[in-house]
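Side-chain atoms are counted along with the backbone in the values below, which use heavy atoms only and exclude waters and symmetry mates. All chains are named by letter (A, B, ...) in the order of the sequence lines, taking the proteins before the strands, and each is independently numbered beginning at 1. Because the structure is predicted, anything quoted here is derived from the model rather than measured.
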Amino acid sequence: MTVTRFAPSPTGYLHIGGLRTALFSWLAAKHNNGKFLLRIEDTDIARNSEEAKDAILEAFEWVGMSHDGEVVYQSKRFDLYKKYIDQLLREKKAYKCYMSREELAILRQEQMDKKERTRYDGRYRDFTGTPPEGIDPVIRIKAPQEGMITFIDGVKGEINIAATEVDDFVIARADGAPTYNFVVAVDDALMDCTEVIRGDDHLYNTPKQIVVYNALNFTIPNFYHVAMINNEQGKKLSKRDGATDVMEYKALGYLPEALLNFLVRLGWSHGDQEIFSIEEMISLFDPKNINKSSSNYNLDKLLWLNAHYIKNSSDEKLIELLKDFDLELENSPKTSMILSATKERGKTLIELAKQIQLIVQVPTSYDEKASKKAFKGEAKEILSAFTLMLKEANPSTKEAYHAVMEKVVFQKEIGFGKIGMPLRVALLGSMTGSGLDEIMAILGVNEIVARIEKAIAIIE
RNA sequence: GGCCCCUUCGUCUAGCGGUUAGGAUCCAUGGUUUUCAUCCAUGUCACAGGAGUUCGAGUCUCCUAGGGGUCACCA
């Protein structure tokens with residue numbers, strides 16, 4: 001069975017790039033009816049926070065990516081790691097190193113001065129003497145000293161790293177706490193992960209982890225290293241480039257399905273297809289098709305996708321979503337008229353809410369430029385005439401409202417713009433917005449008349 | 001700096017030795033719309049550079065350049 005996992009360290013919010021790797025892992029598991037596990041990498045107790053962990057879980061919930069089984073916390077598994085460390089010590093595959101931090105720093109400096117690669121020199125590898133006083137040793141694993149460490153990366157192909165590039169790295173600190181590369185390998189193996197999909201900043205950790213797998217006789221999983229997401233300039237994505245926290249997208253009015261659709265197409269594709277429902281992603285995704293190259297983050301496409309998903313959302317769904325944007329709409333025929341008049345005008349829920357407010361709220365002010373342009377000449381007379389005819393005809397459908405407008409146009413021998421513009425500004429306070437016929441059908445005669453009279457009062 | 005990875009329109013990408021190098025987005029223009037948006041149509045725009053292999057190279061090989069990653073008792 002396919003088992004994948006996402007393993008964030010709880011040091012901050014869930015990053016957009018992290019969400020994409022999580023999505024790839026989730027899809028790989030779902031595609032094969034496998035399992036997607038979540039593991040919190042909190043071995044560095046000083047840097048972890050409960051809030052960060054909750055924020056990550058919240059983001060997963062928002063996008064609807066559920067994990068299988070309980071969340072695994074590494075901080076609760078220290079006994080387990082210790083057991084394996086002891087085993088390696090017993091088997092002489094790992095050893096205690098009494099080098100102090102100061103000595104290590106000196107060694108590094110010497111290597112740097114000689115322009116050599118900085119690496120531990122293995123001086124305690126076969127140490128049998130009396131250990132120096134007053135030093136709590138770290139534990140280092142014996143890495144191969146010659147040859148190549150080779151593995152097949154599902155994205156990048158065969159990767160060969162010279163053994164000399166990997167030193168006897170620390171697997172347990174002086175205080176006994178295990179380190180990252182050790183626990184990752186142990187957990188991935190113990191959790192039976194078959195595919196490890198992660199950012200390619202981990203590519204260089206892979207040979208180290210393979211050392212651990214081999215020392216412990218664990219089965220090595222398939223690795224997939226996904227290239228980074230950069231900003232539009234191709235540089236590392238930072239907060240200056242806009243939203244990097246997944247939850248910011250919710251606040252900005254994006255739908256999770258739009259975000260996911262956007263992310264799945266960053267580094268993966270299926271022919272010319274652009275729109276993928278969650279079901280389609282699951283049935284079509286294969287990690288072997290992940291691109292090698294990094295991709296740049298560009299908001300235009302996300303916006304376009306978001307508009308698409310808003311347009312195609314049901315009224316019920318939009319009503320629910322708009323609650324987060326201070327808009328309480330009841331599920332009624334009127335609401336459904338409002339939504340069909342506005343759905344196609346908002347690229348985000350914020351914009352959609354704004355469009356709806358335009359109709360629902362009595363304008364408290366009139367856009368200066370708009371009123372200057374619209375409320376001039378005979379606008380006042382035309383609006384008055386329209387009001388009279390409106391009361392007389394008492395229309396109820398948008399077609400009927402349109403007929404009233406036509407009648408005014410005909411009688412006054414004017415163009416549609418002569419009535420359309422002032423009417424729009426009177427009703428909405430703005431020169432742009434939904435179709436007038438639709439708006440009027442939503443507002444009803446009384447409300448229309450009230451808004452026109454209010455507008456007429458300020459035209460002088 | 002050592003090691004490793006990457007390089008097709010501005011951006012996301014298709015391509016897997018023979019294509020007028022395709023799609024999407026953005027942008028521009030036109031149509032639809034009383035406005036704006038939607039929608040529709042059209043257009044501009046790319047194989048980083050150089051050698052080779054081959055009848056033929058975006059596709060294979062090498063070199064160069066550019067970009068990225070990584071070199072912790074952090075994850």
Please report the distance, rounded to the nearest Å, between [atom1] in [X] and [atom2] in [N].
| X | N | atom1 | atom2 | answer |
| --- | --- | --- | --- | --- |
| A/Gln209 | B/rA75 | CD | P | 12 Å |
| A/His202 | B/rC71 | NE2 | P | 11 Å |
| A/Trp268 | B/rC12 | CH2 | P | 17 Å |

With a non-hydrogen cut-off below 4.0 angstrom, is [X] in contact with a base, only sugar-phosphate, or nothing?
| X | answer |
| --- | --- |
| A/Ile419 | nothing |
| A/Lys311 | sugar-phosphate |
| A/Thr342 | nothing |
| A/Asp153 | nothing |
| A/Arg108 | sugar-phosphate |
| A/Thr432 | base |
| A/Lys418 | nothing |
| A/Val138 | base |
| A/Ala174 | base |
| A/Gly435 | base |
| A/Lys301 | base |

Does OP1 or OP2 of [N] have a side-chain N or O of [X] closer than 4.0 Å?
| X | N | value |
| --- | --- | --- |
| A/Lys114 | B/rG1 | no |
| A/Lys235 | B/rG68 | yes |
| A/Asn181 | B/rA72 | no |
| A/Lys208 | B/rC71 | no |
| A/Ser295 | B/rU13 | yes |
| A/Ser269 | B/rA14 | yes |
| A/Ser434 | B/rC36 | no |

*Do A/Asp113 and A/Gln111 have side-chain atoms, one donor and one acceptor, less than 3.5 Å apart?*
no
*Will you find, in the side chains of A/His225 and A/Tyr204, an N or O donor that is under 3.5 Å from an N or O acceptor?*
no
Span that lies between the [atom1] atom of [M] and that of [N], in whole angstrom:
| N | M | atom1 | result |
| --- | --- | --- | --- |
| B/rG31 | B/rA37 | C1' | 16 Å |
| B/rU13 | B/rA46 | C1' | 12 Å |
| B/rG58 | B/rA51 | P | 13 Å |
| B/rG23 | B/rC45 | C1' | 14 Å |
| B/rG66 | B/rU25 | P | 35 Å |
| B/rA75 | B/rU70 | P | 15 Å |
| B/rA65 | B/rG50 | P | 15 Å |
| B/rC62 | B/rU53 | P | 15 Å |

Donor-acceptor pair (no angle test) under 3.5 Å: [X] side chain, [N] base:
| X | N | value |
| --- | --- | --- |
| A/Tyr204 | B/rC3 | yes |
| A/Glu274 | B/rG23 | yes |
| A/Arg117 | B/rC3 | no |
| A/Asp272 | B/rG22 | yes |
| A/Lys156 | B/rC5 | no |

Mate of [N] where both pairing distances stay under 3.5 Å, Watson-Crick or G-U:
| N | result |
| --- | --- |
| B/rU7 | B/rA65 |
| B/rA41 | B/rU29 |
| B/rG2 | B/rU70 |

_Please compare A/Asn298 and A/Arg345 by the position of their nearest nucleotide in RNA chain B and report the one closer to 5'._
A/Asn298
*5' precedence on RNA chain B between A/His270 and A/Trp304 (nearest-nucleotide basis)*: A/His270
Centroid-to-centroid, [X] to [Y], below 6.0 Å?
| X | Y | value |
| --- | --- | --- |
| A/Phe24 | A/Tyr224 | no |
| A/Tyr309 | A/Trp304 | no |
| A/Phe218 | A/Tyr84 | yes |
| A/Tyr254 | A/Phe262 | no |
| A/Tyr98 | A/Tyr124 | yes |

Among the nucleotides [options], which one has an atom lying closest to any side-chain atom of [X]?
| X | options | result |
| --- | --- | --- |
| A/Thr179 | B/rA75, B/rU13, B/rC5 | B/rA75 |
| A/Val170 | B/rC4, B/rC73, B/rG2 | B/rC73 |
| A/Arg265 | B/rC6, B/rC39, B/rU13 | B/rU13 |
| A/Arg101 | B/rU13, B/rC73, B/rU35 | B/rC73 |
| A/Glu344 | B/rC4, B/rA37, B/rA14 | B/rA37 |

*Would you please classify the geometry between the A/His270 ring and the A/Phe276 ring as parallel, tilted or perpendicular, with 30° and 60° separating the classes?*
perpendicular
_Within 45° cone of A/Phe410 ring axis and under 6.0 Å: A/Lys407 NZ or CZ_ = no
